[in-house]
Amino acid sequence: MFLLLFSFLAYSSVPVLQGVTTENSTQINFLVEKGRDVVVLAEDIKSKKAIEPKLKYEVLRDYSDFKIIKVRFDSLKANTKYKLEIKNKDNTVLDERFFKTLNKSSSNPVIAITSCMDDSYEKEQKEQWQDLVSFKPDLILLIGDNVYVDKPINNISADDFWKRYVQVRQKLEIFRIKNLIPIVAVWDDHDYGKNNGDSSFKYKDEAKSVFDSFYSQEDEKPFFENSFGVSSRLSIYGFNIFLLDNRSLNTKESIFGKDQKNWLFSALQMYQKPSFIINGMQFFGAYHEFESYERLTPDDFIDFRSQLKKVKTPFILISGDRHLTELMKLSKQDVGQDSFEFTTSAIHAKTYPSPWEKTPNPRIIHGEGGSLNYGILKIKKLKPFTIVLQAIGPKQKILYQKRLVIN
Ligand SMILES: [Fe+2]
């Protein structure tokens, strides 16, 4: 009994995040007490060969009792399982996890899309993350409000970013799972520290510094590149995922800014791969009174749409933020091809009754209010780009599902 208990504790004593992962490399970070010295190794499960990280460094703040340790392993084998060992200086095991490198030839990858993670929903978060993991996603995208920095605090200070990220990292079940799943993130307003915040926010540099510390998404070209703000492009399984920063470059003229838009559209022209274009707030959302690209900067949204119309590859738009889920059908007139916008929020936070009776959405084909939710996207084919999309509620209930074919 003691042994059982001990081995259980050994698995989950440290919150761990696996970040950008390719066929032969992975970036990982974990949170430990500031004074603790640790040794980190990856062990090939089959050959038992131990591999030292190519890179290892710490990030800390003088006012905090915790530090983030970041490591990067390279020279790994594709589609191989490794044991991550975190040991104390005296060689006792502090934590053990398992991780895999990317299986490039995976024909049916599964991506989980999540947003709005209110850590005060303790019971819900635990159940929701455990349920999500059982869908066996190859990748989890956190698309905003991953940390409510400005809740429950009213007037935040620069120190609150680090403090709230530490609290959330310690609390959420997803950082305690035995078999790690790569996570790539982008922020929305609450991670950024200010409700509906924009580029004028005084703490935007600290917000970015803490974001960069707690995720593991350094450049890993050509598979992964960072761009303006906290935006990035991930290229895996034959498609591109664009995660856009709607906050630190957000002005009265454009929520993304000219530079980020130029980067996005030149990449969409250059790579010619099926693409996921993602940011926290809804793209098409003028039907309601809350934030959306369409409502906040309507002229720039017209330009965004006209540039989408020149894109020759299939794409789908994905968003969060709304604390509801809906799927919109987009027409050739909207974006130059028959496509969709999928909104999923919140995995664990407050939800509200369905809004569509009061504010009908002309583009909606499925929707569900008043229910926690996340998205499971099963990519079936690249040509034509075919995805089975599911909006999942509590207890793995399928709120709706649809087979999307985008030519
Ligand atoms: Fe939210």
Side-chain angles (χ1 to χ4, degrees), residues 112-129 132 140-154 156 160-161 164-165 167-169 171-174 183-198 201 203-204 207 210-211 214-215 229-230 243-248 250 255 278-285 287-296 317-327 341-355 359 361 367-375 391-394 399:
I113 316 270
T114 63
S115 77
C116 299
M117 292 145 220
D118 185 336
D119 55 314
S120 69
Y121 285 69
E122 299 198 17
K123 186 171 151 274
E124 292 86 347
Q125 70 84 9
K126 196 166 187 154
E127 291 168 358
Q128 287 285 80
W129 288 114
L132 179 146
I140 301 174
L141 300 176
L142 315 184
I143 69 164
D145 295 353
N146 317 328
V147 177
Y148 283 80
V149 171
D150 56 344
K151 185 178 181 259
I153 309 154
N154 274 330
I156 68 159
D160 289 321
F161 290 90
R164 289 289 294 129
Y165 269 73
Q167 287 171 354
V168 170
R169 185 56 56 92
K171 253 191 198 174
L172 299 194
E173 186 74 3
I174 191 60
I183 289 175
V184 181
V186 73
W187 64 25
D188 199 359
D189 51 345
H190 294 288
D191 320 70
Y192 188 58
K194 188 177 165 60
N195 191 29
N196 300 352
D198 63 20
F201 183 43
Y203 295 130
K204 66 177 177 182
V210 173
F211 180 95
F214 278 78
Y215 297 107
V230 299
L243 291 161
L244 303 176
D245 181 344
N246 59 13
R247 296 298 158 189
S248 70
N250 179 328
I255 67 159
I278 303 175
N279 93 117
M281 78 170 82
Q282 278 188 316
F283 293 89
F284 286 85
Y287 79 90
H288 59 72
E289 64 188 323
F290 305 103
E291 281 195 309
S292 68
Y293 191 2
E294 190 178 18
R295 174 175 288 279
L296 285 187
L317 307 181
I318 296 179
S319 52
D321 173 56
R322 289 290 316 282
H323 295 226
L324 55 78
T325 178
E326 61 182 331
L327 181 66
E341 176 169 353
F342 174 53
T343 302
T344 175
S345 148
I347 182 163
H348 44 85
K350 192 170 167 58
T351 56
Y352 304 89
S354 299
T359 53
N361 181 356
E368 186 91 23
S371 173
L372 301 181
N373 66 85
Y374 50 89
I392 306 291
L399 302 174

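As the structure lists them, so they are numbered: ligands from 1, and atoms in each ligand from 1. Throughout, numbering of the chain's residues begins at 1 and tracks the sequence.
- Of the residues listed (Y192, Y165, F201), the one engaging W187 in a ring pair (Phe, Tyr, Trp, His ring centres under 6.0 Å) is Y192, and it is the only one.
- Considering all non-hydrogen atoms of both residues, S345 and N373 come closest at O-ND2, 2.7 Å.
- Because the distance cut-off is set at 2.8 Å, H190 fails to qualify as a neighbour of the Fe ion (ligand 1), as none of its N, O or S atoms comes that close.
- The angle subtended at the Fe ion (ligand 1) by OH of Y148 and NE2 of H323 is 90°, given to the nearest 10°.
- Between the Fe ion (ligand 1) and D145 there is an N/O/S contact shorter than 2.8 Å.
- For the residue pair L141 and I278, the shortest heavy atom distance occurs at CD1-CD1, 3.6 Å.
- At a cut-off of 2.8 Å, S115 does not coordinate the Fe ion (ligand 1) through any N, O or S atom.
- With hydrogens and angles left out, the side-chain atoms of T344 and T325 include no donor and acceptor closer than 3.5 Å.
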